[in-house]
Structures are given as C-alpha cells and as structure tokens.
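Proteins get letters first, then strands, A, B, ... in listed order; numbering begins at 1 in each. We use all heavy atoms of the structure for the numbers below, so side chains are in, but hydrogens, waters and symmetry mates are not.
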2 protein chains.
Amino acid sequence: MSHTYKYPRPALTVDCVVFGLLEDQLSVLLIQRAADPYRDKFALPGGFVGIDETLEAAARRELAEETNVCDLYLEQLYTFDALQRDPRERIISVAYYGLVRQVNHQPAAGSDARAVAWHRVDQLPALAFDHRAIFDTAYQRLQAKVQYQPIGFELLPRKFTLTQIQSLYETILGRELDKRNFRKKLLAMDLLEPLEEFSRGAHRAARLYRFNRSRYRLLVKQGLHFEL
Amino acid sequence: MSHTYKYPRPALTVDCVVFGLLEDQLSVLLIQRAADPYRDKFALPGGFVGIDETLEAAARRELAEETNVCDLYLEQLYTFDALQRDPRERIISVAYYGLVRQVNHQPAAGSDARAVAWHRVDQLPALAFDHRAIFDTAYQRLQAKVQYQPIGFELLPRKFTLTQIQSLYETILGRELDKRNFRKKLLAMDLLEPLEEFSRGAHRAARLYRFNRSRYRLLVKQGLHFEL
DNA sequence: ACAAAAGTGTTCCCAATACACCCATGG
DNA sequence: CCATGGGTGTATTGGGAACACTTTTGT
C-alpha cells in the first residue's frame with residue numbers, strides 16, 4: 001500500500017533528548033544505530049511520526065520501542081529543519097526533551113537500536129545527523145528552565161534529601177551553590193513536604209522531602225514564580 | 001506530477017503571528033481566508049512548506065505572498081499537532097512569531113487572502129483552525145521574552161523616544177511602569193545611543209535614541225542578561 | 001499663560017550573598 | 001574517636017520600588 005500526494009512532502013520525525021542521573025552525573029540516553037545511514041553511530045532515540053498520532057505520542061512510542069523507557073516528563077523543544085540534516089531525503093524533526101527518575105533500571109535496546117546506554121553530558125561521543133545541535137539546544141533549555149520552573153524534581157526519586165537536590169542543581173548549572181542559602185530559599189517556597197523518613201547512608205541520616213505538585217500549581221496561580 | 005510514499009505523511013504548514021504597533025496598540029496581522037475551509041474567516045497568514053525550503057523561508061515567503069510584509073524579526077514558536085486541527089486532513093503546523101516596525105505602510109492582500117488587516121490583540125475576532133491557541137502561545141511568549149531579551153526594539157522605528165519604548169512595554173506587559181525607574185534601568189544598561197535629534201510633537205521635544213545591537217551582543221558575551 | 005509631555009534623585013526595604021561552626025551517625 | 005555529611009543564623013550589601021516637582025515647548 002502506498003500514498004500519493006500532489007506535492008512532495010517532507011518526512012516528519014521526532015527525536016528525544018532524555019536526561020537522567022547516572023551515578024550523580026547528568027546523562028543522556030543514546031542509542032547506537034542498527035541501520036544505515038550512520039549505522040553503529042550514536043544517536044538520539046526517535047523515529048517517524050504516524051499519521052494518526054500526536055508528536056508527543058510518537059515520541060513516547062519511539063522511546064518505548066527503542067529504549068524501553070516510559071513514564072517520563074516530556075516537553076516539546078524545537079523543530080529542526082535544515083535542508084540537508086538527513087542524507088536520505090528532506091526530513092524535518094520535532095525534538096522533545098525528557099527527564100526520568102531512577103536511571104537504575106537500565107534501558108533495553110529495541111527496534112532500530114543495536115544498543116542503548118546513558119552517556120554523561122560532559123563525555124558525549126560524536127552523534128549522527130544534527131543530533132549534537134539538538135542535544136545542545138536541549139541542554140541549554142534544561143539549564144534555563146530549571147531556574148524558573150521546578151522541573152529538576154523530575155530527575156530525582158520521589159523522596160529525596162536537600163543535599164541530593166542541591167547537587168542536582170549544581171550538576172545542571174555547572175557551578176557550586178551555597179548550602180545554607182540554597183536550603184533557605186528552597187524551603188521558603190514552601191513546595192517541599194518534610195517527611196518523617198530519613199535516608200540511610202554511610203553517616204548521619206538526612207531528612208527526606210517530597211515535592212508537592214498541587215501546592216506548586218496553587219502558588220503559581222497566586223502569582224509565585226519559582227526562581228533558582 | 002504526483003508523489004508517492006510508502007507510508008502516509010502529515011502535511012506540513014507554517015503559520016505566522018506577526019505583531020506590530022498600530023496607533024500605539026499592539027496588533028496582529030490577520031488575513032481573511034479566500035478559500036475553504038473557513039472561507040471568509042479570519043486566520044493567521046501561513047501555508048504549506050515547500051520540499052526545498054526551510055521552515056523560516058516558508059514563513060517569510062507566505063508572509064510576503066499573502067500580506068506583502070517582509071523584512072521582519074521572525075522566530076520559531078512551537079509546533080502544533082493536534083489530530084483534528086485541520087478538517088481536511090492531518091496537518092502539522094510550525095508556528096513562527098514575528099515583530100515588525102512601521103505598521104504604517106499598510107499590508108496588501110495577496111494569494112489566498114481576501115483581505116489583510118491589523119487587529120488589536122485585545123479585540124481579536126474569532127479565528128479559523130486552532131489559530132486562537134497559536135496566537136495565545138505567541139502572545140505569552142512575547143510577554144515573557146520581552147522581559148529578558150531586548151526584542152521590543154523590533155517593534156519601534158529605528159529612532160525612538162524613551163516614552164515610546166516605555167509605553168510599548170506597558171502595552172505588551174499590560175501594566176504601568178514607573179517612568180523614572182524605567183529610564184534609569186534602561187539607560188544603565190548602556191544599550192541605547194542618545195542622538196542629537198529630537199522628536200517634534202505638540203509639546204516639549206523628546207530626545208531620540210537608537211538601539212545599539214552590536215553593543216548588545218558584546219554585553220551578552222560578557223555575561224549581561226537584559227532584564228525588564 | 002497654560003496645557004502637555006520631558007526630564008530628573010533620593011529614600012526605603014527586601015532579597016541575594018557571604019560566611020563558619022556544631023551535630024549525628026557509622027565504621 | 002574520627003571521618004563524613006547533615007544541619008543551622010547573621011551581617012552586609014546592592015538592586016528594585018515608591019515617590020513629586022521643575023523644565024521645555026507649542027498653542
């Protein structure tokens with residue numbers, strides 16, 4: 001079965017930049033391509049958009065198929081349209097970026113992927129197509145967005161310590177933050193619920209908190225804007 | 001001549017939300033559709049993307065064809081993909097937003113448009129397709145962006161008074177600003193070049209300034225971030 | 001002369017920053 | 001008992017916000 005149109009149409013794909021924390025390092029999910037072009041090269045997971053699915057649905061489907069990653073925060077990033085970005089034909093790609101908790105349960109390679117793995121953002125291999133540019137855009141967006149919307153929590157387990165979230169922010173922003181000021185500011189926003197649970201570690205136990213999403217929505221309605 | 005593909009492909013369009021100042025009111029460029037669907041309804045200018053043009057090129061071409069507006073600041077906004085956004089078939093639209101100076105030289109209706117006109121953003125008619133949602137997204141983006149990047153200048157003539165730019169910001173943001181604080185802050189950024197020219201008006205003449213784009217780029221490199 | 005817009009400084013307050021020590025726990 | 005990370009308060013400062021009058025010009 002084939003499909004005929006009066007005018008030629010660009011093909012449409014989605015590509016996903018999925019961030020996660022692997023051993024306290026900000027990392028990105030990459031596949032190793034199983035097919036040409038760029039066979040064996042590293043690339044972002046992604047693929048063609050079905051005629052009856054939304055872009056986000058396509059992104060989630062491809063992620064699930066190629067990497068077995070699902071249930072993640074996902075947001076449209078930008079649409080990449082350079083004329084020669086794909087050597088085969090004109091392909092326009094809508095990029096999404098995503099954040100996942102618990103990188104622990106390792107991704108599994110699926111269709112189109114010879115392998116799937118997390119790669120530290122500061123040690124990325126060369127990427128196929130214009131995927132390096134897509135990644136750069138996503139990383140910039142993450143750095144910018146994390147400062148005025150509380151999306152950082154999407155990368156942490158549901159219960160986390162203040163030190164965990166601080167070092168997450170330090171990792172993303174690439175600079176150190178003052179512990180006392182960070183805690184003061186974060187707690188003053190009144191978005192974290194202190195729990196009666198404590199982390200078990202090598203040393204003194206730290207209190208666990210969880211992010212209160214409904215309170216966040218309430219405060220936003222009242223005109224709060226999360227900052228740092 | 002026709003084109004055949006193995007899998008069905010969504011059609012791809014661009015739509016443009018072009019802002020301008022008309023009689024000191026923030027306004028948007030709308031066409032009145034000449035063809036079905038939504039014949040005679042108001043809509044954003046836009047159209048199909050050619051196989052050999054970038055999205056931005058398509059946006060500029062459609063704008064020129066339909067409205068005779070060209071040479072404007074244009075930036076990708078978001079890609080709209082709801083399954084039923086067009087009654088004919090699956091169409092995905094990459095939206096751009098633009099800013100033009102000198103709304104004076106009136107736009108001219110071209111292909112696909114029965115009429116073209118500026119409409120105050122607070123008095124928009126009903127729009128075809130999901131164009132209302134696209135407009136809302138663009139307006140929000142403009143409001144957000146104008147506060148941390150000096151794009152407001154794109155809406156003013158090259159030479160302008162401080163009062164002009166203040167009232168522009170008041171219009172976009174929808175609130176009043178303190179004259180002394182606004183001037184102090186703006187001038188402190190050292191992005192405006194005072195000219196030895198003055199506006200001629202009904203009353204006291206006001207000094208004209210112009211935006212120094214290269215100085216802006218320099219300061220950004222040095223780590224400035226424009227704010228309000 | 002008067003109406004209308006241009007132009008100009010100071011005070012106050014809050015929020016961001018800088019900064020150092022004690023505490024609890026596991027090994 | 002000691003090493004490691006958890007937890008806490010204050011003083012300073014710089015920038016944002018509030019605020020009113022004089023000047024210039026055209027009519």
Side-chain angles (χ1 to χ4, degrees), chain A residues 21 23-25 144 146-148 150 156-157 159-171 173-210 219 222-228, chain B residues 21 23-24 144 146-148 150 152 156-157 159-171 173-210 219 222-228:
Chain A
L21 284 176
E23 290 150 19
D24 263 333
Q25 293 294 332
V146 90
Q147 301 201 46
Y148 65 92
L156 293 175
K159 300 173 182 181
F160 50 83
T161 67
L162 293 180
T163 302
Q164 272 182 296
I165 191 166
Q166 180 176 348
S167 74
L168 166 64
Y169 271 76
E170 289 177 334
T171 301
L173 297 177
R175 61 187 161 97
E176 302 214 323
L177 302 170
D178 181 88
K179 184 163 57 156
R180 280 165 294 187
N181 293 337
F182 184 83
R183 286 166 181 240
K184 206 189 316 172
K185 202 161 172 179
L186 207 60
L187 292 174
M189 286 180 204
D190 205 19
L191 291 172
L192 297 188
E193 259 179 75
L195 304 173
E196 291 311 316
E197 292 175 70
F198 294 82
S199 69
R200 316 275 355 213
H203 296 288
R204 176 174 174 179
R207 181 178 290 273
L208 291 170
Y209 292 80
R210 74 173 166 213
L219 289 177
Q222 293 170 9
L224 167 84
H225 76 292
F226 181 93
E227 182 84 38
L228 219 190
Chain B
L21 284 176
E23 289 149 20
D24 263 334
V146 90
Q147 300 199 47
Y148 66 92
L156 293 175
K159 301 173 182 178
F160 50 83
T161 68
L162 293 180
T163 303
Q164 271 182 297
I165 191 166
Q166 180 176 347
S167 75
L168 166 64
Y169 270 76
E170 290 176 335
T171 301
L173 298 176
R175 60 189 161 94
E176 303 213 322
L177 302 170
D178 180 86
K179 183 163 57 154
R180 280 166 293 187
N181 292 337
F182 184 83
R183 286 166 181 241
K184 207 188 315 170
K185 203 162 171 177
L186 207 60
L187 292 174
M189 285 180 206
D190 205 20
L191 292 171
L192 297 188
E193 259 179 74
L195 304 173
E196 291 310 317
E197 292 175 70
F198 294 83
S199 70
R200 315 279 351 218
H203 296 289
R204 176 174 174 177
R207 181 179 291 273
L208 291 170
Y209 292 80
R210 75 173 166 213
L219 289 177
Q222 294 170 8
L224 168 83
H225 76 290
F226 181 93
E227 182 82 37
L228 219 191

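Looking at every heavy atom in both residues, A:D24 comes nearest to A:S167 through OD1-OG, 4.3 Å. The minimum heavy-atom distance between A:Y209 and A:L187, with the atom names listed, is CE2-CD2, 3.8 Å. When all heavy atoms are compared, the tightest approach of A:P150 to A:Y169 is CA-OH, 4.5 Å.
For residues 194-205 of chain A, proximity to DNA chain D is found at A:H203, A:R204, A:A205, defined as any non-hydrogen atom under 4.0 angstrom from a strand atom. Near DNA chain C, meaning a heavy atom under 4.0 Å away, the residues from residues 181-191 of chain A are A:N181, A:K184, A:K185. Contacts of residues 163-170 of chain B with DNA chain D (heavy atom under 4.0 Å): none.
The environment of B:E23 atom CD is sparse: at most 12 non-hydrogen atoms of other residues, nucleotides or ligands sit within 6.0 angstrom. Residue-environment remark: CD (B:E176) stays at or below the threshold of 12 foreign heavy atoms within 6.0 Å.
Put simply, the side chain of B:Q164 gets close to the backbone of B:T161: a donor and an acceptor are under 3.5 Å apart. For B:S199 (side chain) and B:A206 (main-chain N/O), a donor-acceptor pair under 3.5 Å exists by modelled atom type.
Screening residues 181-202 of chain A for salt bridge (Lys or Arg N to Asp or Glu O under 4.0 Å) gives A:K159-A:E197, A:D190-A:R215, A:E193-A:R210, A:E196-A:R207 as the qualifying pairs, with residues at least two apart or on separate chains.
How far CG of A:L219 is from CZ of A:F226: 11.5 Å, rounded to the nearest 0.5 Å. Within the model, atoms CD1 of A:I165 and CG of A:L177 stand 11.0 Å from one another, a figure rounded to the nearest 0.5 Å. Within the model, atoms CG of A:L228 and CG of A:L186 stand 9.0 Å from one another, a figure rounded to the nearest 0.5 Å. Between atom CZ of residue B:R204 and atom CZ of residue B:F198 there is a gap of 9.0 Å, rounded to the nearest 0.5 Å.
For the pair A:E170/A:R175, no side-chain contact is recorded, criterion being any heavy-atom separation below 4.5 Å from C-beta on. B:T163 has its side chain out of reach of B:L168: every pair of non-hydrogen atoms, C-beta onward, lies at least 4.5 Å apart. For the pair B:L162/B:L192, a side-chain contact is recorded, criterion being any heavy-atom separation below 4.5 Å from C-beta on.
Protein chain B touches strand DNA chain C; the 5'-most and 3'-most nucleotides with an atom under 4.0 angstrom of its non-hydrogen atoms are C:dA3 to C:dT10.
With rounding to whole Å, B:L177 atom CG is found 13 Å from D:dG16 atom P. The distance between atom CZ of A:R207 and atom C1' of D:dG6, rounded to the nearest whole Å, is 12 Å.
Over its length, the helix from C:dA1-D:dT27 to C:dG27-D:dC1 turns its helix axis by 0°, as judged from the five terminal pairs at each end, rounded to 10°.
Map A:E227 and B:Y209 each onto its nearest nucleotide of DNA chain C; the residue landing nearer the 5' end is B:Y209.
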